[in-house]
Structures are given as C-alpha cells and as structure tokens.
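Just so it is clear: chains get the letters A, B, ... in the order the sequence lines come, proteins before strands, and each one is counted from 1.
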Amino acid sequence: MEGFQDNQHEDWGLHPHLEQATPTPVPSALLPTVLQRLGLEGQSTLSFEQAREDIRNPDWQKRAAAVRTLGKLNTPEAQSLLLPALDDEDSSVRAAALHALGQNASSERLFTALHDEDWHVRETAIFIVGQHKQKRLPDALALGLRDTDVLVREAAQMLQNRQQTLQPLEQPPTNHRIDLFAPPSPHSHISGQQMSMQPQERHQPHRSTSLFSPFMQKKDRKLMRQEQEQSFGQEPEQPSEYRSYDPYRNGLSERWEKATSYPSYRRPFRSRWYMLLGMVIVFVIAGIIGWAVAVITPFSRTNRIIQVQGEQATALPFYKSTVVPQKSDTLYTYLGHSGYVYAVAWSPNGSRIASASADGTVQVWDATTGATMGANIVVHRGNLSSYSALAWSPDGKYIASSSATDPTVEIWNAATGATTATYQLQGAAASVSHIGAALRLSGGCGTGVYQVAWSPDGTRLALAGGYQTHGIVEVLNALTGNILLTYTAHASCVDALSWSHDGKYIVTGSFDGTVNVWDAATGKTLYQYATTGTNDIVESAAWSPDDQRIALSMQGQSIGIWDPFNNQKSQFTTGPDVFQIAWSPDGQRLAAVGPTGDARIWNASTGANLAAYNSNAPELFAVAWSPDGRMLAAGGMNDAVQIWQV
Amino acid sequence: MTLSDRELPILLATDLDRYFKLLVLHYQQRLYTFMFRQTGSLQDAEDIVQEAFIRAYYALADYPGERIQSLKLQAWLFKITLNIFYKRVNHDRLHLVSLDSSDESMYLAIEDDEREQPEQVAENRESLRELEAMVATLSPQYREAVNLYYFEEMGYREIAELLNQPLGTVKSNVHRGTQLLRKTLGVQKSR
C-alpha cells in the first residue's frame, strides 16, 4: 500500500464560461427561414393535389408537409397515399405518417413502428397504441418502458400513469388477429421475422420480439431467458386489472408463453373450458409446490404489491416472483424495475431494500424475499422522471429520494409510498465560492440533487448536487424543509456525500477533485484532501463505521483511505473506475462497483481484492451491504438488483 | 421576452403555431453555437439547426399536449440536433477534422509537467478562440462529450441520457477528450 501524495492541487479543467466569452452570432436569416419553411408566415395550406405530388418529393420536409395535409383529409384516397410513407427513408416522415393514420394504422404497422430504429417513430407508435383504447397497451408499454431511449420510456411511463386511472383495462375484441407475415419494414429492427399469433386468448395481443430474431436486442434475449427460468412453476395468470402495476410483467411473461406455445388462430368455445379446468389443476399443483418451496427455501414466496395513488394505498395480489436463483453465491435478483438502477439501500433494520431507478420509480421490497408470507413491495411514483439517489430515515419510516437532473427531493412513507413532503435545492440563491471557482474551473453539473443523506438522529437532511456549474450542499430541517446551512466550498458538482455516524461531520466529494470534511452544524471546512492531477473526479465517499476513516473512490482507478483527523492517507489501485464504494459494517472490507459490471470486495487495510461477484450488467452504479454484513446488493444497467451472500 | 423553461412547453401545448417562434428565439443561439463547435463550419451549423427546428415542429405537432408540457425542451432539442448531425456525418455530408492516432500519440507523449495550465490560457481571449478551435479538431465522440460537458454545462447523467450512452462511457469520453486538449495545449505552448 502506497501513501497518498501530498500535493498541490493541479487542475486541468477547461473554462466553463468560454461560451459566454465567444458567442457565435446566429445568422439573422435562421428564424425567418425556419418559419417560412414551416408555412407559419401566412402561406396557404396545401391542396390535395399538391400533397399528392409532394409526397414523392425528394425533399423530406415537402413529404412531411404532404403527409400532414393528407392526414387531415381522412379520406380513403388520402389514407392509401399515406401507407407508403410509413416506409419512408426519413424518420420524421415515417412518424408523421404514423400519426396521420392514427387508429387506422394496422397492427402490423404499429408492430413495425414500435421497433423502428428511430426513437421518435417508436415514441409516436407508443402514443398511437395509447389511442387504441388500451386494446394493446400493456404489451406496447412493456416494450416502451424498456426502450433504450429515455424519451420513449417517458412516453410509455406517461401512458402507464394514465392507464392506471382507467382500470380495469378494456378487454381486446375476440375476433382480433395479428398476422405478422407481412414483409418487414426496412427500418425495423425485427425484419426477417415471420410470426403469426392470435391475441384473443391473451390480454396482451402479441409477442413483441422473437427469441430467434437475429435483430433482437441482447437485453431482450437475456430477459427472456430469465423469464424462462421464472416460468417454471409459474403461478396463475393474474386478473387483468392488476397487470399494469408491474411493468416487468407486462409483455414479458406472454413472450415466454408465446415462445413455448403453438400459434392458434381460433379456439373453440369448449376449449376454453378445458383450458380453465387445466388452469385450476395447475393452480392446485402450483400452490402445493409453492407451499413446499416456501417451506424449504427462504427465498421463494408469494409477494404482494402495494399500488400507491396519492395518499391511498391498496394491497393487491402480486403473482410474479421477482426472485431468480442464479448461482451459489447469488441469492436472488430483483427484477421489478424497467430502467437503470442508480441507487440501492437497505433499511436500517435490514428487513427491506429500496432501489431507485431511471424508470421513474423507487421500489421497496422485502430483503429476506419470502421467508414470511405476505411480504410487501411498495412502488413510489413521484413527480420525477428518474431517480438516482435515496436514503432511509434512521427510524426506517421514510425515504428521501432525488434525481441528478432535477432539484426536487421527495420525502415519502416507506410503508405506503405516499409523498409527505417535497423540497427544492435552492441553488440559485447560493453564492459560489469565487476563490474556489477561480482555482478549479470545471464543467457542467446540470441542476439536480446527486446525493441525499439523513443525519443519524433523523432531524436533518443533507442534499448534495449541482446548480448549473456550481457545486452545492444544503442541510435542511427534515421536518420543515427550512435551510439550516448552505455549503458552497466546492467549485463543481458534489457527487459524494456521507454523514458521520456521530452526526458531527459531513464529508463531501466533488468533480473539482476535492474531498472536504466539514462541521455539520456550522458548515466550516475542517479538513481537505485534493486529488492528484489525473484523479479529477471524486465519485464516492463514505465514513467508516467507527468514523475514523473515509473511503474515497476516484476516477483515476483507485480507492483511497483517508484518516482526516491524523492526516494519514493510503490508496490502492482498483483497475477500472469505481462509481460507488461502501464499508462493510465491521469496517474491515469495502465493496466497490463500476463500469466492469462486477462488485468487488477489498480488504480495507491491505488493499487485497478478496472477491468479485459478476452481475451480468455492463455497468453497476450502486452497492450496499446488509446491516449484518452477510449480504451485498448491487444495481446497474441491467435494470436489476442482484443480491449476493458474502 | 424572457421565458422560463417551464413556461414555454405550456405555451407550445396551448398553441404551437403561435408560440413556435418563441422556441426558436429561445434556443437558436445555444444550438447554433453548439453545432458550430461540433462541425467547425458556420454553414453546416446553420443548416443543421434549421433542420432541427423544423423536425422539432413536426414532432411537437404530433405530440399530445400532455407530452409537450412534460418535455425537457433543451435536452430534447439537443437530441434532435445531434441526430441530424450524425446522420450527416454518416452520409459524408460533413467533413470533420479529427485527430488521427499518430497525432494523438504525439500529444500523449508530452510529459505532464510541460503543459500549461488551461485556466491561464483561458485568461487570454485569443487563446480561448484557439481552445475552441482545438475542440473542433477532436474526434466526434470526444468533441461531443467535451462540448456538452464544458460548454453546455450538462451533468454526466444528463449527457448519458441525451446520447443513450453508458455513464462510464460518457465520463471516459469527457476525461479522454480533456486529456487530448491538454496535450494539444502543451504541444502548442512548447513550440
């Protein structure tokens, strides 16, 4: 183990205000040209004849304008002219044509559009499906919620929220059939596939991707494999009105069922009775097996989910097991999210785990996963489109959650998901440390709360983040939201925050390369550590359980151990970058995650790498020890939280 | 007229044709400057930003009002603009200058202690322009990351969501792009 270099801070950031120093004047013709091209300066609208001509014009904008005109006409002739536009080479034209056809778009076309290479076309398809009176909404939602693009996910989330106010879902018509033998669009990711399926026996009408599609995304294949594993001993199909509460369930389970069933175009009435009888038998057998498994293993259960709307919470049956046994040291994987998992934390008594995700939810679930029946899952849907930080109150009753792209912090009841208070980071009112800014120029922060932490006595709340280019930390009265102090000693975004267990100190780390220990009551900086030249960004900081040391992770591929009171420093190289670091409760080990997708355990004294747990996620963003130090939870880019026995 | 980022979506949802002009006025400077840094060409920047606004109009015209009100317009416009930029790059309609590997290795061969502090350089307006020109010589992925991070002042996660890239990739590109700029500065100063 080598010592930290005592160093003069050497920052190589670039000046953030270069743009203001050298604005490039916008050509005066830009605005008039845009308005003129859009016909917003009094030009007459296109005639049908002109639109019919323009729809074959080489200029994409002419074609888009023609599509809009034809869409407004809503005549059979106009519609027939619109159909070829769905295969237009230009994505704006394809999206406009889809919108113009609206509910007249066929299922095949919608299916193709939901897999278009362009995010805007997929987003439009989501909205069109939403106009179909929810006939095919759940399946499209499942696709949209897992889309790689944040805008498509937001659109799906919006529809899902709207759908929840329209329960129960309308059943699809029994004579509706989707035939996907039609030639695929050249713009589709699913081209080359031939599938035929009939939706009338299912709530969700079609499988969105094929197991055998060479174009299917790797993530989809993986999820499908996981579903195959889950489907063993699968529990009975839940009533349709419960489906929307579980984004993962929507679409994926029928994917597996479709993949393992023969296509059927029409089923006689009698066969339904046989099917019902079969289902009853399966229920009974599954119930017996489920009971036996629950007794034998502590990691199987029948979950219950609590759906929260406003201040009311309703307990609902939740049939899909979120537990996937994997390998010997993997206890289970929680799959309730449909977006990256940015934060994970165990409740103070270790009975529950909370996970914050880019899917716009924070979910609380039973950490022991079914050791007792009736365990709950709470889904908090606040007003943030994505959650990236969370913290349990010391009494385990409340959770504070926030987003790195929004100044809002929500405080909510961990048992019901109901929001009890909302606070805003008041970055605009804060003055920036100009000395710091002069010495340490850095890049953007956005405006958001990167980290949140409760004081150990639960009376105060610390918010750390950025306001444009400023790094800022605010300490609030947790009950009233009144700002008790504002800490602005960091010149750039504050990405690391930890409150000492005795409540006296706060350590913060910043993109400006500094780590400061300061008095939590006065805001006075007491100790400072500055990284070396290449280690510009402090990713994570955490007090040791005895409050004597601070573990730091830095972009420069190293973990540092800093004793600020005795000015002792040590570091060891970790290899890849480390996004988050966490002390084991005994203070002997450190868990670290980063862009390799595995969680590594390090000896905090020697720097020896003790173990690595692979998650199958490309990157892991969050890691947390259970309070007893026997388990590790990590979340990341596979939309999952994996639990290992350490 | 000064509009907040929250007011404009509401107006656009109310009457797109009437208020679209405000959207252009509000964001044209930022998009144009950003695109100029990306392309290094005033004409290309103008063409791309024009097209971006037109595509934005068509998209907004098809969105439900609820969707328009929920949009983070700035990030959304950047996304549209970058899509057009990359489409043009892929169709060879833009001729970007980029550092080839030999240039890069030359820069990286310079020792750290030979470099100049960028903030010292930044005190000089002429040097600022040099720095801006240097950004335009970075390869596209570094240029984009440096542009968004330093000039547009976006956070890592914001950039990751905008570009649909892993967080680690964004951090790495910003870090690598910054390193290349330092080396470039070092080389120029040592000459």
Checking B/V49 against chain A: side chain, backbone, both or neither under 4.5 Å from a heavy atom? side chain
Under 4.5 Å from any heavy atom of chain B - which part of A/S385: side chain
Nearest non-hydrogen partners of B/T169 and A/E619, listed with the distance: N-OE2, 3.9 Å
A/A64, part contacting chain B, at a heavy-atom distance under 4.5 Å: both
If I measure from the heavy atoms of chain A, does B/L42 come under 4.5 Å with its side chain, its backbone, both, or neither? side chain
Select one option (side chain, backbone, both, neither) describing which atoms of A/Q157 are under 4.5 Å from chain B's heavy atoms. neither
Side-chain touch A/P25/B/Q29, heavy atoms, less than 4.5 angstrom: no
Salt-bridge contact B/K87-A/D118 (side-chain N to carboxylate O under 4.0 Å): no
Should the ring pair B/Y63 and A/F127 be called parallel, tilted or perpendicular, given that the plane angle runs from 0 to 90° and is split at 30 and 60? perpendicular
Which atom of B/R67 lies closest to which atom of A/L151, heavy atoms considered: NH2-O, 3.1 Å
Let me confirm one number: the OH-OH distance from B/Y156 to A/Y450, rounded to the nearest 0.5 Å. 9.0 Å
Proximal component of A/A65, with respect to chain B [non-hydrogen, under 4.5 Å]: both
